[in-house]
Amino acid sequence: MSEQIKNDQELRREEELKLLESESINPYPYSFDKTHSTLDILNEYTDDNADKFKNVSLAGRIVAIRRMGKASFCHIMDEVGRIQIYLKKDDLGEIYDKFRLFDIGDIIGVRGYVFRTKTGEITLHTQSLLLLCKSLKPLPVPKVEIDEAGNKIVYDAFADVELRYRKRYLDLIVNPDTREIFKKRSKLITSMRRYFDSHGWLEVETPILQPIYGGANARPFITHHNALDIDLYLRIADELYLKRLIVGGFEGVYEISKNFRNEGMDKMHNPEFTSMEIYVAYKDYIWMMEMTEDLLETLCLEINQTTEIEYNEHKISFKKPFRRAKYYDLCKEYVGRNLKDLSQKELLQIARSNNLEIDPYSSAMKILDEIFSEIVQPNLIQPTFVIDYPLEMSPLAKKHRTEPGLVERFELFVCGFELANAFSELNDPRDQRKRLEEQALQRAAGDEEAMVVDEDFLYALEVGMPPTAGLGIGIDRLTMVMTGAKTIRDVLFFPHMRPESKSK
RNA sequence: GACCCCGUAGCUCAGGGGUAGAGCAUUUGACUUUUAAUCAAAGGGUCGCAGGUUCAAAUCCUGCCGGGGUCACCA
């Protein structure tokens, strides 16, 4: 392993580190007791209750320094905010001279009393100062000005997207908006868990390494188990395992699941992504729709304190109930004609007359799907349940109770993209076998994404699964909608990146 | 995978055949309520990598690496 060539700023910081150590300052001590966060002080301090803030301690990273000879001002940042601290040689003595060796990026602990400067900023008057961590790399902290209206002006923000993703810790230190997105993401998952748990549904874990992959149409990542000498697949979905648990007698199970699909990446797709799947016994997709809109309204309220949010200049309302529209009705609405029971040739012609480029040998269902996603889907801005899909598109969904050729399925679209997918789950083992065998035929015909027959799953269905409703929600996409993020990379701490060249 | 755009100092960017530039950051000096602190001075670059054209390449050409966008597959 070769060390990289260091620049002048890095070399200087290393020298400072040695100097501090030679003056018996430990640059990496073990702990620090803080009494307050920056926000505690900023929110609670008033000029009348200054007594309560006579002796507080804070810790954080230095993000700005203004030295003025024998006194200095800094801003330090902790998880929740930033606050100004005032350092004066008279009060600090010897350590004030060592403070010359402190830099932007260093983490310090300070103790003192809170006051208001003559320009009005709530500030900690520091009476003792402790280095908690010396930073050896220069940080890309931008200059921040607050104008008279209270607006924040950021100069030269750290904006290089590649660096922001590769070195996310820098992005998190330097761009407070980035942290807010991830706090919302966590809050969303916590709220979702709370919602499910309050209904008595059980959070479970199922295998990520699977001998047979299933539950979705996608190409898997393949890995190898040495001891057993068999190939295993990273799960593309956890659906078939969760249904086995319903067979086993649990009446409500959910899993927040990292899934892996060996496919392209773009602003809606990452090779590993998070979905939530839930299965509830004795329910159907109608019930699931009601649960889903209640869940999303609740989540949106808990995260954003409102059911109205903005995305891409659209005002989105998560107030329930959401619009419900049948798949073929929407096709008729946006394409201008009924697409049900049309032949492959007719569909191909319609696709072409709508300027869609389609492989002429595609199946009728593939063409229909293409027409739907190109022509209908972009119009589904407000939360919309699309219901009653063609049977051929949904090998794990139960046949519609009244409409032949359709299944009891809905997908939820918001802002033009798919957020959720749900069925009345197919529990007739004979029908399920038939549908999986059809998938196997498509697979044999070259469709690499078609499903594989999972005999053990069929055995489970033969043992018997109660009527069940199932739902999957794309957590990354839901986070995008809830935070206004335009790319999935902005809601993943560490989005997948091509490795940098080997020389590094 | 195809096409288009981008890669210059720690950060944000200018320069686009003739000695490598600015602001912030950094260093030194001054300054005990500043806040994009200020004032004075200084240091800092394999111009993504490798070839080619040229008297001369950060600049033009080719290939490669990385990123972004559009398209295709997919949630």
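Reminder, nothing fancy here: chain letters follow the sequence lines and each chain counts from 1.
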Would one find a side-chain N or O of A/R66 under 4.0 angstrom from OP1 or OP2 of B/A36?
no
From the list B/A37, B/G29, B/U34, which nucleotide is the closest neighbour of the side chain of A/R100?
B/G29
Residues that A/P140 engages under side chain to side chain contact (heavy atoms under 4.5 Å, CB included), provided they are two or more places apart:
A/F158, A/L170, A/V174
Of the candidates B/U32, B/U12, B/C73, the side chain of A/D156 sits closest to B/U12
Each nucleotide of nucleotides 40-45 of chain B classed B (base within 4.0 Å of a protein heavy atom), S (only sugar-phosphate) or -, in 5' to 3' order, makes ---BS-
For A/R12, which residues count as a side chain to side chain contact (heavy atoms under 4.5 Å, CB included) partner, sequence neighbours excluded?
A/E16, A/D103
Centroid distance under 5.5 Å and plane angle under 30°, A/Y155 vs B/A36:
yes
Of the nucleotides B/G69, B/C73, B/U26, which has the atom closest to the A/I104 side chain?
B/U26
Under 6.0 Å from the six-membered ring centre of A/Y389 and within 45° of its axis: does the NZ or CZ of A/R409 meet both?
yes
Determine whether any donor atom in the side chain of A/E121 lies under 3.5 Å from an acceptor atom in the base of B/U34, or the reverse, and answer yes or no.
no
Please identify each residue that fulfils side chain to side chain contact (heavy atoms under 4.5 Å, CB included) with A/Q127, with sequence neighbours left out.
A/R111, A/Y113
Test side chain to side chain contact (heavy atoms under 4.5 Å, CB included) applied to A/N262 - qualifying residues, sequence neighbours left out
A/R219, A/F221
Looking only at side-chain atoms of A/F158, point me to the closest of B/C11, B/G68, B/G66.
B/C11
Which class fits the ring pair A/F372 and A/Y327: parallel under 30°, tilted 30 to 60°, perpendicular over 60°?
parallel
Winner on side-chain proximity to A/M497, out of B/U33, B/G67, B/U12, is B/G67
Nearest to the A/T117 side chain among B/U34, B/U27, B/G67, which nucleotide is it?
B/U34
Does B/U38 have a Watson-Crick or wobble partner in any strand here, with both distances under 3.5 angstrom, and which is it?
B/A30
Check RNA chain B against residues 160-170 of chain A and give the residues with a non-hydrogen atom under 4.0 Å, in numerical order.
A/D160, A/V161, A/E162, A/L163, A/R166
